[in-house]
Amino acid sequence: METVALASSYDKEGMASTKVLHSCTILTRRIITNRLHILFHFTVTLLLLYYRISHFFNGNRLPALSWALITISELIFTFIWCLTQAFRWRPLSRTVSIDEIPANMNLEGLDVFVCTADPQKEPTMEVMNTIISALALDYPPEKLAVYLSDDAGSYITLYALKEAFAFSKRWLPFCMKYRIKTRCPEAFFSLAKYEELSITDEFSAKKDELEVCNRYIQFGFHVCLISRSSLRASVKLLMFLIMAILLQIIHGDTYMDDNENDEESTKMPLLVYVSRERRPSKPHRFKAGALNALLRVSEKFSNGPYLLVLDCDMYCNDPTSARQAMCFHLDPQMSPSLAFVQFPQMFYNISKNDIYDNQARSAYRIKWQGMDGIRGPSLSGTGFYLKRKALYGSPNCEDKHPSEAQRTFGNLMKFSSGEEIAILKEAKLLASCDYERNTKWGEEARFSYESLLESTFTGYLLHCRGWTSVYLCPTRPCFLGCTTIDMKDALVQLVKWSSGLLQIGLSRFSPLSYGVSRMSILQNMCYGYFIYQPLYAIAFLIYGIIPQLCFLNGIPLYPKVLSSWFAVFSTVYLSAIGQQLHEVLSDGGTTLTWWNEQRIWVIKSVSGSCFGCLDLFMKWSGMKKTTFRLTNKAVDKDKLEKYEKGEFDFQGATMFMIPLSALAILNMVCFIGGLGGISLRRNYEEMFGQIFLSLFIMALSYPMIQGLLKRSKKEKQ
């Protein structure tokens with residue numbers, strides 16, 4: 001491995017100094033191994049395709065349609081595999097040195113954006129814990145502002161936000177006094193991390209902790225009480241009616257801790273609640289619209305040059321994440337073209353078996369590290385520190401910020417009560433439905449409206465305009481969220497992603513046309529993989545139908561087992577799974593981890609991607625309107641118990657599982673019927689490939705078969 005230390009120089013009160021704020025490690029051994037494997041696997045794959053194409057045109061006595069379809073599926077697999085290799089070309093690993101940032105350095109302003117849309121699916125206390133953890137970031141409070149966008153217009157959320165701010169007045173001093181790292185109260189109290197307290201007086205520490213714990217219990221009780229009241233019905237009603245703009249500043253005034261006898265006070269960051277206007281006749285733009293509204297509103301109050309975007313259930317697990325990101329943004333060599341610093345999405349509720357592959361090891365340990373070596377990763381939707389200027393133009397052009405004359409970078413605006421009313425009035429106009437009419441908001445600047453995957457597509461456009469990005473994966477996760485624990489929510493999420501990605505691939509922004517002339521070939525290949533991976537559905541459907549039907553009718557689609565060409569097919573298969581197994585094991589995983597990843601990859605590719613393609617077709621044909629499906633973040637105890645046991649939960653996912661169920665049943669029927677024919681014809685050598693394929697599919701679809709059997713037993717009872 002080759003480590004390169006990068007120096008960052010900056011001026012402080014006229015004095016220049018140079019500090020090493022970050023370094024990157026080029027993973028040389030992995031690069032060499034990856035490139036040798038790419039050469040080997042590509043050579044063998046070419047031989048496989050030569051066999052397919054040459055035998056198709058040689059006039060063999062084989063069904064031309066079946067042969068052509070199986071060749072098409074293998075071409076799709078090859079195409080997507082080729083795109084995937086860009087991630088393995090030049091992986092990097094980065095580290096930072098936050099201690100090198102002077103404590104008295106004049107850091108620029110940071111605005112935190114949190115979006116919520118449904119208090120039923122996104123529990124209010126989870127949202128409040130995210131807000132509290134953001135308020136407690138290790139960043140100058142006078143430079144920090146937190147904005148909550150509530151598209152439900154829920155009174156419960158507004159009430160809870162005020163309660164959360166009141167609790168934060170005691171929570172923040174407690175965290176700073178005892179140097180607590182876990183500043184999400186729910187996580188701190190549930191895990192009982194007493195070792196994090198920097199204790200000088202144990203009795204005083206326990207007393208303070210008990211007091212803060214009691215306040216948190218009271219806070220939660222008040223929120224729970226109002227959530228269960230009759231207001232819940234009115235909240236549901238509000239979500240479907242016209243919603244007026246509601247914008248309220250939760251003042252960030254200085255707070256005196258009444259439990260301390262000294263004269264010290266704790267400064268609090270600015271906290272703003274925004275519920276933008278919603279009308280049935282006006283486009284809503286979903287999360288991208290909410291982020292753009294916050295972008296405009298925040299310009300009137302804090303106008304921080306940097307933004308942190310968080311999902312409402314993704315709390316700050318490390319208060320130093322902002323300073324870690326600033327290690328890159330402060331680098332004068334990197335900063336002019338640096339758009340954002342991306343942290344991985346990690347989750348606190350992943351089970352030991354991780355049957356749904358929620359840790360996304362392949363994405364955050366392989367793909368994002370690989371993209372970091374070729375101008376940086378894409379936006380992941382949450383956990384990124386974005387330069388505000390990047391949303392308004394390219395690195396080389398002048399700043400096109402719409403309120404340039406009023407910019408107050410790094411300092412929160414102070415105003416009297418009269419000024420506050422005037423600014424609130426202006427800010428409300430910025431959150432109205434009519435503000436974006438006849439403007440270019442959401443087109444080629446700001447958060448894009450071209451796809452429901454606003455962050456991924458916005459990151460794609462940023463890279464097309466010449467911006468770069470950085471991926472940082474520290475040992476302690478900077479952000480932790482709640483992941484899906486059943487098949488329904490996992491597939492609902494995947495359908496949205498597949499539909500949104502394929503929509504980009506078939507638009508004028510396709511990497512094959514738009515991206516190829518605006519970024520490097522390798523970076524374009526990475527985006528091409530994300531955008532065209534829903535095509536796996538076509539390849540898997542062909543591979544799940546054609547070989548099985550041919551097996552039933554005694555038609556061979558693979559070479560004889562003793563043929564040299566069979567060695568080519570088996571080498572391609574073993575090379576592919578061998579590479580994935582090596583990556584899992586070298587990353588600290590097990591063979592069970594590898595198997596779970598293989599199984600859920602096939603399930604998601606068949607079911608999720610298939611319905612994603614169907615969803616896009618229905619939107620284009622006008623049969624369906626564009627909708628935004630929220631993932632349910634509320635935890636069900638029965639589902640959680642199944643998930644922790646490693647059992648798949650198909651409840652509510654019946655529709656999504658139709659393709660996979662049909663393929664599993666077809667495979668079993670054809671396998672049983674085909675074995676009878678083989679015993680009569682004695683052509684084991686010719687049919688060995690299809691026998692192995694059927695057995696492999698059975699092993700992958702075992703959870704589906706088990707689920708069908710359990711359901712039939714329940715129906716009989």
Side-chain angles (χ1 to χ4, degrees), residues 107-117 122 126-151 157 160-161 164-165 167-168 171-172 175 183-185 247-252 267-276 287 290-326 329 340-343 345 379-391 408-413 427 431 447 454-455 477-481:
L107 296 172
E108 295 188 282
L110 172 65
D111 293 345
V112 183
F113 292 170
V114 180
C115 298
T116 184
E122 298 168 336
E126 276 196 16
V127 179
M128 294 306 111
N129 271 275
T130 299
I131 294 292
I132 293 168
S133 68
L135 290 170
L137 282 171
D138 182 15
Y139 208 77
E142 67 274 10
K143 303 295 183 68
L144 181 63
V146 180
Y147 296 83
L148 175 64
S149 171
D150 179 19
D151 274 353
T157 304
L161 191 63
F165 183 74
F167 169 74
S168 297
W171 173 248
L172 267 63
C175 291
R183 297 189 179 180
C184 169
L247 195 154
Q248 188 165 339
I249 301 173
I250 313 296
H251 287 289
K267 293 182 179 178
M268 299 293 292
L270 180 68
L271 181 60
V272 180
Y273 172 88
V274 180
S275 178
R276 59 193 173 118
K287 185 180 176 181
L291 288 173
N292 281 333
L294 291 181
L295 195 65
R296 295 190 296 268
V297 169
S298 63
E299 290 169 5
K300 287 295 176 184
F301 300 108
S302 52
N303 205 16
Y306 299 103
L307 312 173
L308 167 61
V309 177
L310 293 174
D311 281 348
C312 63
D313 66 319
M314 187 71 65
Y315 68 82
C316 302
N317 187 57
D318 189 338
T320 66
S321 64
R323 292 183 179 270
Q324 292 183 46
M326 290 304 151
H329 282 300
F340 60 91
V341 177
Q342 177 68 62
F343 289 85
Q345 289 188 46
L379 286 175
S380 296
T382 182
F384 58 86
Y385 286 87
L386 173 67
K387 186 180 295 178
R388 188 187 289 260
K389 176 184 174 181
L391 294 171
T408 54
F409 275 177
N411 294 308
L412 299 183
M413 297 177 67
F447 289 95
E454 71 293 323
S455 296
C478 285
F479 305 98
L480 285 175

Aromatic ring proximity His329/Tyr385, centre distance under 6.0 Å:
no
Return the minimal non-hydrogen interatomic distance between Phe384 and Ser455, and the atom names on each side.
CE2-OG, 4.3 Å
For side-chain hydrogen bond (donor to acceptor under 3.5 Å, both in side chains), just list the numbers for Tyr273 and Asp150, CA-CA rounded to whole Å, side-chain angles, deciding distance to a tenth of an Å, and then say yes or no.
CA-CA 8 Å; Tyr273 172 88; Asp150 179 19; 2.7 Å; yes
Report yes if the side chains of Ser321 and Leu137 come closer than 4.5 Å at any heavy-atom pair, otherwise no.
yes
To the nearest 0.5 Å, how far apart are OG in Ser168 and CG in Leu135?
5.0 Å
Rounded to the nearest 0.5 Å, what separation is found between the CG atom of Leu110 and the CG atom of Leu307?
7.5 Å
Nearest heavy-atom neighbours spanning Gln324 and Cys478:
NE2-SG, 3.7 Å
Check step by step if side-chain contact (heavy atoms from CB on, under 4.5 Å) holds for Ser298 and Val272.
CA-CA 9 Å; Ser298 63; Val272 180; over 6 Å; no
Find the distance between CD1 (Ile132) and CZ (Phe165) and round it off to the nearest 0.5 Å.
11.0 Å
side-chain contact (heavy atoms from CB on, under 4.5 Å) for Asn317 and Phe343? Distances and angles first, verdict last.
CA-CA 12 Å; Asn317 187 57; Phe343 289 85; over 6 Å; no
Looking at CZ of Arg183 and CG of Leu172, how far apart are the two atoms once the value is rounded to the nearest 0.5 Å?
7.0 Å
Flag side-chain contact, heavy atom, 4.5 Å: Leu247 against Arg276
no
Quick check against the 3.5 Å criterion: does Ser133 have a side-chain atom that pairs as donor or acceptor with the backbone of Cys316?
yes
Mark yes or no for whether Lys143, through its side chain, and Leu107, through its backbone, hold a donor-acceptor pair below 3.5 Å.
yes
Side chain to side chain, Gln248 and Leu161, heavy atoms closer than 4.5 Å
no
Within the side chain of Glu126, is there an N or O that forms a donor-acceptor pair under 3.5 Å with the backbone of Cys312?
no
Report the C-alpha separation of Ile131 and Val114 in whole Å, then their side-chain angles, then the decisive distance to 0.1 Å, and conclude whether the side-chain contact (heavy atoms from CB on, under 4.5 Å) test is met.
CA-CA 8 Å; Ile131 294 292; Val114 180; 4.0 Å; yes
Hey, are the side chains of Tyr306 and Arg388 touching, using non-hydrogen atoms and a 4.5 Å cut-off?
no
Of all heavy-atom pairs linking Tyr147 and Asp111, the shortest is CE1-CG, 3.9 Å
Less than 4.5 Å apart, any side-chain heavy atom of Pro477 and any of Asp318?
no
Residues Gln342 and Thr382: closest non-hydrogen pair is NE2-O, 3.0 Å
For Leu291 and Glu454, which heavy atoms make the closest approach, and how far apart are they?
CD1-CG, 4.4 Å
Would you say the side chain of Asp151 lies within less than 4.5 Å of the side chain of Ser149, judging by non-hydrogen atoms?
yes
Separation of Tyr139 OH from Thr320 OG1 (nearest 0.5 Å)
13.0 Å
In the structure I gave you, are the side-chain heavy atoms of Leu391 and Asn292 within less than 4.5 Å of one another anywhere?
no
To the nearest 0.5 angstrom, please state how far the SG atom of Cys115 sits from the CG atom of Leu148.
8.0 Å
Minimum heavy-atom separation for Gly381 to Lys287, with atom names?
O-NZ, 3.0 Å
Is there a side-chain contact (heavy atoms from CB on, under 4.5 Å) between Phe113 and Leu386 once you walk through the steps?
CA-CA 11 Å; Phe113 292 170; Leu386 173 67; over 6 Å; no
Ser380: which residues meet the side-chain hydrogen bond (donor to acceptor under 3.5 Å, both in side chains) condition with it, sequence neighbours left out?
Trp368
State, with a plain yes or no, whether a side-chain heavy atom of Thr130 is found less than 4.5 Å away from one of Met314.
no
